[in-house]
Amino acid sequence: MQMRLEVVQVPVSDVDRSKAFYAEKLGFVLDHDVEHIPGMRVVQLTPPGSPTSVVIGTGMTAMTPGSLEGLQLVVPDITEVRAELVRRGADISEIQDLGGVLFAYFSDPDGNRWVMQGQTPADIRDAHKP
């Protein structure tokens with residue numbers, strides 16, 4: 001059996017504002033923006049290099065805009081990626097070292113909270129192997 005998580009819904013109040021945030025400030029690739037049926041708009045965006053996309057839109061979820069938290073983007077060089085996102089206008093926290101693994105935090109315009117994690121260094125990852 002095989003299962004892959006490929007799409008995660010993110011609840012937003014203003015689709016166009018959120019689309020601009022994810023595409024322009026975070027650099028997510030716009031896969032499509034379609035209205036399948038009247039009142040159901042689906043905007044799919046994919047983080048660069050990710051097999052998993054996010055979907056924002058209308059008529060898809062009962063989740064409250066801004067209620068999602070803890071989606072995590074893992075990046076090879078958190079200092080470099082954070083600097084690029086700040087340059088693009090994203091408001092991202094300073095980098096925090098939590099036991100050798102680096103993290104930074106940000107929210108989308110509705111308050112959905114994201115975590116950016118630097119790739120776990122090999123020595124830390126290997127220390128947890130049996």
Side-chain angles (χ1 to χ4, degrees):
M1 179 167 67
Q2 182 181 36
M3 294 183 215
R4 295 188 317 257
L5 178 64
E6 294 190 3
V7 179
V8 175
Q9 288 187 24
V10 177
V12 301
S13 61
D14 182 324
V15 178
D16 291 321
R17 177 183 68 175
S18 295
K19 176 182 166 183
F21 172 79
Y22 285 103
E24 296 167 16
K25 292 194 176 181
L26 297 184
F28 286 22
V29 175
L30 176 63
D31 299 320
H32 60 260
D33 181 348
V34 296
E35 188 170 359
H36 293 290
I37 58 175
M40 183 180 179
R41 179 178 175 194
V42 179
V43 179
Q44 183 170 327
L45 302 118
T46 303
S50 177
T52 304
S53 301
V54 297
V55 168
I56 59 175
T58 56
M60 298 182 303
T61 182
M63 288 189 290
T64 303
S67 64
L68 194 62
E69 61 181 78
L71 287 178
Q72 198 155 321
L73 297 169
V74 178
V75 298
D77 184 334
I78 194 168
T79 303
E80 179 183 307
V81 173
R82 181 187 177 278
E84 172 63 18
L85 297 182
V86 167
R87 186 190 69 70
R88 290 170 162 266
D91 183 15
I92 304 202
S93 74
E94 294 297 324
I95 296 170
Q96 297 177 6
D97 185 333
L98 300 177
V101 182
L102 305 177
F103 294 90
Y105 307 89
F106 65 93
S107 296
D108 73 7
D110 282 292
N112 293 300
R113 296 185 305 227
W114 289 76
V115 177
M116 187 168 49
Q117 175 189 330
Q119 189 168 338
T120 304
D123 60 327
I124 293 172
R125 185 185 62 243
D126 293 344
H128 297 282
K129 289 184 178 178

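Basis for what follows: all heavy atoms, side chains included, without hydrogens, waters or symmetry-related copies. Quick note: residue numbers are just sequence positions, from 1.
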Grouping I, L, V, M, F, W and Y whenever their side-chain heavy atoms are under 4.5 Å apart, do V81 and L98 come out in a common cluster? no
Evaluate whether atom CZ of R113 has more than 12 neighbouring non-hydrogen atoms of other residues, nucleotides or ligands under 6.0 angstrom away. no
Among V42, V12, V43, V15, side chain to side chain contact (heavy atoms under 4.5 Å, CB included) partner for T58: V15
Just by distance, do the side chain of T52 and the backbone of L5 share a donor-acceptor pair under 3.5 Å? yes
Distance from R82 atom CZ to L102 atom CG, nearest 0.5 Å? 12.0 Å
I would like to know whether Q117 and I78 meet side chain to side chain contact (heavy atoms under 4.5 Å, CB included); could you show each step before the answer? CA-CA 7 Å; Q117 175 189 330; I78 194 168; 5.8 Å; no
Assigning hydrophobic clusters by single linkage (Ile, Leu, Val, Met, Phe, Trp, Tyr; side-chain heavy-atom cutoff under 4.5 Å), is L71 placed with F28? yes
Verify same cluster id: M40, L45 (apolar side-chain graph, 4.5 Å): no
Can you get from I95 to L73 by hopping between Ile, Leu, Val, Met, Phe, Trp and Tyr side chains that sit under 4.5 Å apart? yes
Min side-chain heavy-atom separation P11-T64 under 4.5 Å: no
Does L26 reach the side chain of M116, with side-chain heavy atoms less than 4.5 Å apart? no
Hey, is CG on D91 packed in by over 12 heavy atoms from elsewhere, all under 6.0 Å? no
Parallel, tilted or perpendicular: which fits the ring planes of W114 and F106, with parallel below 30° and perpendicular above 60°? parallel
With distance as the sole test, does E35 use its side chain to make a donor-acceptor pair with the main-chain N or O of G39 at under 3.5 Å? yes
Pairwise side-chain contact, S53 with D31, heavy-atom cut-off 4.5 Å (strictly under): yes
Would a distance-only check, ignoring hydrogens and angles, find a side-chain to backbone donor-acceptor pair under 3.5 Å from D108 to D110? yes
On the 0 to 90° scale, with breaks at 30° and 60°, tag the H36-H32 ring pair as parallel, tilted or perpendicular. perpendicular
